[in-house]
Every structure is written in C-alpha cells, then in structure tokens.
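Ligands are counted one by one from 1 in listed order, and the atoms in each one are counted from 1 as well. Note that the numbering runs from 1 along the sequence shown for the chain.
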Amino acid sequence: MSRSNDPAAIVAAQSVVSASRYSFLGPAGTFTEAALLQVPGADQAERVPAGSVLTALNLVESGEVDAAMVPIENSVEGGVTATLDAISVAHELHILREELVEISFVLAAAAPLALEQIRTVSTHTHGWAQVRRWADSAIPEAEFVPASSTAAAARGLLEETPVADAAVCSPLVAQQLGLSVVQRGIEDVTGAVTRFVLVSRPGAIPPMTGADKTTIMIPLPQDRAGALMELLEHFATRGVNLCRIESRPTGDGLGLYYFSIDIEGHIEEARVADALAGIHRIAPGIRFLGSYPRADRKTQLLTAEVSDEAFTAAAAWISSLRHA
Ligand SMILES: O=C(O)C(=O)C[C@]1(C(=O)O)C=C[C@@H](O)C=C1
C-alpha cells in the first residue's frame, strides 16, 4: 500500500513555516545559510546570523526570531551533537522542515599561496572531518585551527591578525570574499550531503504530505533488561521504519543516555501514533520533536495491516465487543 505524495498537502505543510525573522548558524556564507535560502520566502525575510547553534536556538526560544536553521546530520561525519543535544534536552522546540545541501569544499587563502606554504588551516570541525584524508596527503604538516563555521574561518583570513594561513570553506563564500582558491573539490567523499532542520517554538504541526518524517527523543529506560529491543519492537510490529538512531549522554551522569530517532511517517498516521503511545508506557519521558515533510520526498510502501484503515477497523471491532 503506497501513501500519496500530494502536491497540495506539500503546499499546506509549507504554509506552517511562515516566519518573517530567521536565525541561522552564521556568518553569511555558511552552508546553513544556503539551507535557509532554500526555504520559500526566506530570501525576502530578515536573516539573523548567530555565532553558534545554541545562540541561533536561544533566539527562537526568547522570541527574537520565529525560526532557526541549524545543521543536524552529515552523510560522512554523522550527527551534529550540538544540535541534537540542544533540541532533545535543553530546548522546547519543534522541527518544521528539513533541507539537504550537497557539500563541496575549497581551500582558500587571502592571497595566492602554494600548498607547501600552508602551516595552519581553519574551518568548522565538521568541515575538517570531511577533508581529513585530503589534508593528510596534501598538507600533512598543517595544523587545524577550529572555527565556529566554515564562513567564519574564511572571514578570519581577512582580519588584521589572520586566524590561519588558509581556510576550508564553500566555493561561494571564497568568491564572495575575494579569496584566492588554492585547491577546489578537496572533500574526501564526492556528493556528501548535510541535513539541516528549521526549528520553531511548539505550535501547529505541518500537515501530513504522504512523505514525512518524525523526530523523537527517548530516554533509555534504566535497569530494564532488553529495553532497547522493546523500544524497537514497538516500531517493527507497526511497520515504522527508522532512518536515524543515535545515542547521546543525557549529561546527568555516567550511563544515562537518550536515543535521538528519526522515523518514516507522520504523527497523524495511526501506526506512528500507536508506536509512540506504546513506547510512552515504558519510557514516559519520550519527547516528540516534530513531524515534517521529507526533503527527498521518498514514500514508503506499507503493508495493509499497518494502514490507518486496519487500525480503525481493529478499534471498531474492540468497541463492538464492549458495547455488544
Ligand atoms: O560551517 C558551516 O558552513 C555550516 O553551515 C556548519 C556545517 C556543519 O555543522 O556540519 C554545515 C555543513 C558542512 O558539513 C560543514 C559545517
């Protein structure tokens, strides 16, 4: 059984995102800003660059902006822990939308330089992780100088006392700042993708489109043998596919972890709601972090027994027994 991927529903889901002020991991020229500019209308809206993911999220929580765009997952480096922890534990925020951006890096310098002249390279830790193999062979002696973003590293080259000899950044920001490109296409994996999420204060949930994701946070139940298997069974028996699962420390003590999970489907679907209700019984601290349209628009093939109709028929049958 395939669900619809209805264009009208996609427009309806997008209309929930009607912000006039956005924050994002800045400064201008980050991949995060590129993700934000993919949101319809964001190019006309006020865009507030923040120095960190946490600051971008704080601006939403305090009401200074309507929504924030932040990185959450990279196809090479995995989860962006600052974002996962902030939206799962510290903040009361919901995901409204996701964006995918293909990542390619250049090595840029303030003036033309040979690779042999480069002693220090600045970039975001996630950027560095994606060019490490190239750096090991091309500039093995160069020291890594962490920056708050790839664009901040690029701008740092133009300061009176430059932060480094070169920066790993996007081709676009190198061009915008008039930097000299030492080498292009230095990413270790061609076609790497970073996933970004647009988060807002809890409110209306984007309507179901037929190709949706739901993000949840589940504290791992303590002193319960097989707790993880029990959680996963709730999804498996209802045909709910997981597309990301990561464990992160809660920060409250050794051995205390939570799972950050993305599932295919929308909270409006009976099989998703039923799985979450089942998990709530064993992990009452479960948090719903949003249902939103999938950026890749992939639909899932469902078997008849996990369709909304099957859940409705089952509930009607129980009701008929009780009221016979
Ligand atoms: O530094 C940037 O430009 C960002 O938008 C952050 C970020 C990340 O956090 O993963 C985004 C995409 C790239 O994978 C590298 C860095």
Side-chain angles (χ1 to χ4, degrees), residues 22-39 42-43 47-60 65 67-88 91 95 97-108 121-135 144-158 163-164 166-177 179 181 183-199 244 246 248 260 262 295:
Y22 294 97
S23 59
F24 66 97
L25 173 66
T30 55
F31 289 102
T32 312
E33 188 184 37
L36 176 56
L37 289 169
Q38 291 180 185
V39 175
D43 55 337
R47 300 190 300 278
V48 182
S52 70
V53 164
L54 271 186
T55 311
L57 298 174
N58 284 339
L59 290 172
V60 185
V65 299
M69 183 65 81
V70 288
I72 192 164
E73 180 186 7
N74 174 264
S75 61
V76 177
E77 194 43 23
V80 179
T81 52
T83 303
L84 290 176
D85 292 344
I87 64 172
S88 304
H91 290 261
I95 301 173
R97 190 183 164 95
E98 64 172 8
E99 295 294 338
L100 304 178
V101 175
E102 207 172 300
I103 305 295
S104 179
F105 295 108
V106 298
L107 184 73
V121 180
S122 182
T123 194
H124 188 276
T125 44
H126 256 238
W128 187 241
Q130 292 174 70
V131 301
R132 214 153 19 197
R133 266 186 288 154
W134 170 83
F144 165 53
V145 181
S148 56
S149 71
T150 56
R155 281 164 196 272
L157 300 179
L158 301 174
V163 293
V168 172
C169 59
S170 76
L172 186 62
V173 84
Q175 188 198 353
Q176 285 168 345
L177 298 178
L179 298 174
V181 172
Q183 195 156 335
R184 282 185 194 280
I186 61 170
E187 59 277 5
D188 294 332
V189 178
T190 313
V193 172
T194 296
R195 176 175 165 241
F196 298 83
V197 287
L198 187 70
V199 298
R244 184 183 60 82
E246 281 171 81
R248 292 283 309 147
S260 171
D262 291 337

Applying a heavy-atom cut-off of 4.0 Å, say which part of [X] lies close to ligand 1: side chain, backbone, both or neither.
X: E77; result: neither
X: P71; result: side chain
X: L25; result: side chain
X: T32; result: both

Would [X] count as being in polar contact with ligand 1, using the rule that some N or O on each side must be under 3.5 angstrom apart?
X: S149; answer: no
X: T30; answer: no
X: F31; answer: yes

Worked check of side chain to side chain contact (heavy atoms under 4.5 Å, CB included) between M69 and V39: CA-CA 10 Å; M69 183 65 81; V39 175; 3.6 Å; yes
Counting each atom of ligand 1 from 1 as listed, which ones have a heavy atom of [X] under 4.0 Å away?
X: H126; value: 8 (C), 10 (O)
X: Q130; value: 13 (C), 14 (O)
X: N74; value: 14 (O)

CG-OG distance between L25 and S148, expressed to the nearest 0.5 angstrom
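If we round to the nearest 0.5 Å, L25:CG and S148:OG are 6.5 Å apart.
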Ring centres under 6.0 angstrom apart (F31, F105):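 Ring centroids of F31 and F105 are less than 6.0 Å from each other.
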key: Side-chain donor or acceptor of T30 paired with backbone N/O of G26 under 3.5 Å   =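 No, the answer is negative, given that no donor and acceptor are paired below the 3.5 Å cut-off.
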Heavy-atom donor-acceptor pair, S122 side chain to V145 backbone, under 3.5 Å:
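Confirmed, S122 side chain pairs with V145 backbone.
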Just need the protein heavy atom nearest to atom 1 (O) of ligand 1, so name the residue and atom and give the distance.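 Here the nearest protein heavy atom works out to T150 N, 2.7 Å.
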**Message:** Please state which option from E187, M69, H124 has its nearest heavy atom closest to atom 16 (C) of ligand 1.
**Reply:**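 Looking at heavy atoms only, the winner is H124.
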What pairs with W134 under ring-ring contact (aromatic ring centres under 6.0 Å, His included), at least two apart in sequence or on another chain?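 ring-ring contact (aromatic ring centres under 6.0 Å, His included) list for W134, sorted by chain: empty.
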Charged N to carboxylate O below 4.0 Å: is that the case for D188 and R132?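 No, this pair does not count.
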**Item:** More than 12 heavy atoms of other groups within 6.0 Å of Q175 CD
**Value:**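 No, CD of Q175 has 12 or fewer neighbouring heavy atoms, counting only those of other groups under 6.0 Å.
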